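The structure under discussion appears below in the form of structure tokens.
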Amino acid sequence: MRWTCLNTKYISSSSVLKPTYVTNTNNHFEFQRFQHYGWYQFRAVGDLPNESLPDTLHAKSVKNGSLDNLDVRNYVTSLYVKSNKLDYAHKLFGESPDRDVRSWTILISGFARIGYCRMVLELFKQMQIERVCPNQFTLSSVLKSCSSLSDFQMGKGIHGWILSNGIDLDVVLENSILDVYVKCGAFDYAEKFFETMKERDTVTWNVMMGAYMHIGDMGKALDLFRRLPFKDVASWNTIIYGLMRNGHETYALELLSEMVEIGPPFDKVTFSVALVLASSLYVLELGRQIHGRILRFGLQNDGFLRTSLIDMYSKCGKMEKALLIFKTLPLRTNSKFTCHETKTEVVSWSSMVSGYVRNGEYEYALLTFCSMVREQIMVDRFSVTSIVSACANVGILLLGQHIHAHIQKIGYKTDVHLGSSYIDMYAKCGSLNDAWMIFKQTVDLNVVLWTSMISACALHGQGKEAVRLFELMIQEGIKPNEVSFVVVLNACSHAGLLEEGCKYFSLMKEVYGIKPGAEHFTCMVDLYGRAGRLDEIKEFIHKNGISQLSSVWKSFLSSCRLHKNFELGKWVSERLLQLEPFDEGSYVLLSNMCAANHRWEEAAGMRRLMQQRGINKVAGQSWIQQKNQVHSFVMGDRSHPHSTEIYSYLDELIGRLKEIGYSLDVKMVMQDVEEEQGEVLLGYHSEKLAIAYGIMSTTSGIPIRIMKNLRVCTDCHNFIKYTSQLLDREIVVRDLHRFHHFKHGLCSCEDYW
DNA sequence: CTAGGGTTAG
């Protein structure tokens with residue numbers, strides 16, 4: 001986990017986030033937004049010779065009275081649809097005195113094409129009320145929308161209706177039905193239906209292949225692919241994408257090159273899939289080559305490929321490149337876009353936002369998000385989710401609340417994606433209560449949501465509560481996955497629950513068949529270490545063959561320090577330095593272990609070695625938010641405008657604390673600090689300065705929240721405990737790994753962090 | 001006027 005100190009002056013101006021769209025919580029909400037940004041400002045006409053044709057024709061037919069004719073009206077409507085003026089088409093349709101199947105179909109297929117599924121279903125409902133019998137075209141459009149929305153009931157209903165009304169089923173319609181079942185995850189239905197199909201074409205096979213890939217049955221999918229008599233581009237795309245999603249990137253890459261040799265030429269989707277493949281393999285070179293091919297094919301202006309490129313570069317850590325691609329986005333001129341292009345424009349923006357978040361550049365993420373709002377780009381669910389996650393990592397509660405309110409104003413309901421981000425955000429911003437509130441309010445709880453909540457508890461030192469939740473989750477019939485186990489093992493190790501931890505570790509392997517990864521092993525080593533079972537760690541490492549994992553050795557070493565086992569620590573550190581000769585953490589750990597055992601000479605030697613090897617330590621920094629400003633402090637810092645007052649208040653405070661039993665251990669301050677080392681005397685560590693400022697500048701009663709980029713040292717931890725007692729003040733400290741809640745002289749971590 | 005394949009969460 002990496003925290004960032006963010007300067008809110010750039011982003012806190014609340015006017016920036018003023019909601020600009022129509023707020024409505026009913027079903028038409030999406031439609032209104034589309035109207036607001038979408039088609040009405042667009043004039044592009046696709047394949048029409050003259051963009052004003054529908055309007056001209058419309059006006060003409062009104063004049064000569066031919067608009068009373070149903071066929072003419074249908075024709076004009078279809079022209080509007082073609083030119084992406086769906087609002088006009090809809091209006092004309094609504095004003096019609098009579099409509100036939102064709103009128104409905106034109107409109108429904110138009111909305112289905114641009115992916116506006118809710119409108120399709122709404123129209124279909126009206127159609128039924130007016131007792132108009134749908135034809136095959138209508139039905140397949142409606143089914144497409146059902147599958148996009150994963151509306152199983154609706155799809156099943158339509159299927160039943162088709163059967164009972166004796167509608168002719170052709171391949172296209174049958175494929176649509178099959179697709180609905182697959183998309184809704186009803187594989188038993190899909191398979192049963194597949195058996196009854198009269199005719200099967202390439203599309204049918206592709207759908208089935210995709211279905212097998214979706215449930216992770218690679219064998220069946222590959223078998224099908226190999227036996228397929230005719231493979232089109234989509235067959236290749238499906239199989240390559242499926243392999244990749246199932247974690248077989250290398251195999252996917254092999255097939256991609258096979259495709260180059262003997263397969264059909266690439267299309268847009270192939271390029272897109274190939275880019276995702278490059279980024280999941282972290283092979284920037286491959287991505288570059290694909291980019292080159294896209295340029296050669298002249299496809300660089302395709303919206304979807306632009307977002308894929310942005311995504312690839314950002315996943316490979318090249319935000320500058322991503323930004324270059326992003327800048328090729330045509331400016332909004334209100335006349336050039338079609339609906340489809342608007343959609344990919346939105347995705348480009350949200351890709352940028354999530355790219356910045358992924359790369360830890362939260363400030364840019366927030367700025368981009370703000371521009372998005374300002375430029376009136378439709379803020380979609382993706383960008384909203386990303387931005388919540390940016391707030392989580394920035395850790396400013398006020399900002400998070402602000403964004404939360406804004407999202408609610410836009411009208412997005414809290415689904416699982418957003419919900420888990422909210423929980424994470426509130427937890428990381430220090431408000432466990434709000435995290436709980438979101439958790440309790442969300443209706444469809446899935447693994448990710450539960451895992452977020454369990455992680456939230458663990459983060460705030462409530463290990464036992466985390467374990468209780470984990471048990472509850474299993475009782476509710478939710479299957480934990482690998483992340484859930486990382487989180488629960490983490491909770492166990494924080495709370496010192498060795499037995500439970502071991503139980504879950506074997507449960508994971510034996511009952512859930514999850515192969516432990518580096519993180520699980522590290523948690524286990526941590527667990528043994530905190531419980532003081534140092535000898536068992538050696539055995540554990542040997543037994544599991546994990547001696548190449550440096551995180552395991554790091555955890556081992558800090559346990560040696562905790563239990564002051566110098567000899568063993570020495571042995572461990574040799575292994576660690578072999579694995580990570582340039583990692584600052586290893587040196588810091590080692591020097592601290594020496595210090596903990598009063599080996600001052602060796603501790604100093606360690607730091608000298610670091611200097612010789614040119615390894616720099618991250619400077620300790622603490623920050624506190626007051627109103628719209630972030631005040632940050634480093635040790636011994638005098639740059640703050642009120643620094644004189646802060647220091648004299650701190651001295652006075654330390655004096656008063658000493659009266660109730662606090663003693664400043666200079667030696668400890670200088671040495672036993674994991675991160676901030678004692679070049680400056682008297683222990684003006686950054687967190688003390690931040691807390692002093694916090695007390696001075698706020699009224700009593702409200703908790704003081706400070707953040708630190710490193711771990712808290714023992715002395716400061718002590719200092720804060722006494723302060724919370726003396727001033728009867730709640731102090732919340734977020735350090736590198738967790739939250740400490742200080743109250744009445746005690747800390748939620750129970751002095752074990 | 002019609003089907004299949006491509007980016008969000010812990």
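Excluded from the calculations below are hydrogen atoms, water molecules and symmetry mates; all remaining heavy atoms, backbone and side chain alike, are included. Each chain gets a letter, A, B and so on, in the order its sequence line appears, and its residues count up from 1. Note that the structure is a prediction, hence the values are computed from the model and not measured.
Atom C1' of nucleotide B/dG4 and atom OH of A/Tyr181 are separated by 18 Å, given to the nearest angstrom. Atom P of nucleotide B/dG6 and atom CH2 of A/Trp236 are separated by 18 Å, given to the nearest angstrom. The nearest whole Å value for the distance from the CE atom in A/Met453 to the C1' atom in B/dG10 is 12 Å. A/Leu79 has its CG atom 11 Å from the P atom of B/dC1, to the nearest Å. For A/Leu299 and B/dG6, the CG to C1' distance is 14 Å, given to the nearest whole Å. Following rounding to the nearest Å, A/Met209 (CE) and B/dG4 (C1') show an atom-to-atom distance of 9 Å. The NZ atom of A/Lys231 sits 16 Å away from the C1' atom of B/dG5 (whole-angstrom rounding). Residue A/Leu173 contributes atom CG, which lies 12 Å from atom P of B/dG4 at whole-angstrom precision.
Ring centroid separation for the pair A/Tyr181 and A/His159 comes in under the 6.0 Å cut-off.
Judged purely by distance below 3.5 Å, without hydrogens or angles, the side chains of A/Asp380 and A/Ser383 pair a donor atom with an acceptor atom. Looking at A/Ser314 and A/Arg358, their side chains do bring a donor and an acceptor atom within 3.5 Å of each other. With hydrogens and angles left out, the side-chain atoms of A/Arg738 and A/His494 include a donor and acceptor closer than 3.5 Å. A side-chain donor-acceptor contact under 3.5 Å links A/Asp267 and A/Asn237.
Cation-pi geometry between A/Arg293 and A/Phe271 is not met: the NZ or CZ atom fails to fall both under 6.0 Å from the ring centre and inside 45° of the normal. Judged by the 6.0 Å and 45° rule, A/Arg99 forms a cation-pi pair with A/Phe93.
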Could you give the side-chain donor-acceptor pairs of residues 434-442 of chain A under 3.5 Å, partners two or more places apart or in another chain?
from: A/Asp434; atom 1: OD2; to: A/Ser431; atom 2: OG; distance (Å): 2.7
from: A/Thr442; atom 1: OG1; to: A/Ile438; atom 2: O; distance (Å): 2.7

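When distances are taken from the side chain of A/Val273 to each of B/dT8, B/dG6, B/dG5, the shortest belongs to B/dG6. Nearest nucleotide to the side chain of A/Asp232, out of B/dT8, B/dG4, B/dA3: B/dG4. Listed candidates were B/dA9, B/dG6, B/dG4. Nearest to the side chain of A/Lys268 is B/dG6. Side-chain proximity of A/Asp179 to the nucleotides B/dG4, B/dG10, B/dT2 is greatest for B/dG4. Of all nucleotides listed (B/dG10, B/dA3, B/dG4), B/dA3 comes nearest to the side chain of A/Asp201. Considering only the side chain of A/Ser455, B/dG10 comes nearest among B/dC1, B/dG5, B/dG10. In this structure, the nucleotide among B/dG5, B/dG6, B/dG4 sitting nearest to the side chain of A/Ser272 is B/dG6. With B/dG6, B/dC1, B/dA9 as the choices, the nucleotide that has an atom nearest any side-chain atom of A/Ser420 turns out to be B/dA9. Here the nucleotide nearest the side chain of A/Asn237, chosen from B/dA3, B/dG5, B/dC1, is B/dG5. Each of B/dA9, B/dG4, B/dG5 was ranked by its minimum atom distance to the side chain of A/Asn206; first place goes to B/dG4.
Between A/Lys231 and A/Ile239, the closest side-chain pair of non-hydrogen atoms is not below 4.5 Å.
The base of B/dG10 has none of its N or O atoms less than 3.5 Å from a complementary donor or acceptor on the side chain of A/Ser452.
Residues of residues 135-146 of chain A having a heavy atom closer than 4.0 Å to DNA chain B, listed by number: A/Phe137, A/Lys144.
Among the protein residues, A/Ser308 comes within range of no part of the nucleic acid, since none of its heavy atoms lies under 4.0 Å from any strand. A/Thr105 comes within 4.0 angstrom of a nucleotide base, judged by non-hydrogen atoms across all strands. Residue contacts for A/Ser484: at a heavy-atom cut-off of 4.0 Å it reaches a base atom on one of the strands shown. Contacts of A/Asp170 with the nucleic acid, taken as non-hydrogen atoms under 4.0 Å apart, are absent. Counting any heavy atom pair closer than 4.0 Å across all strands shown, A/Val276 reaches no nucleic acid atom. When heavy atoms are screened at a 4.0 angstrom cut-off, A/Arg358 is found touching no nucleic acid atom at all.
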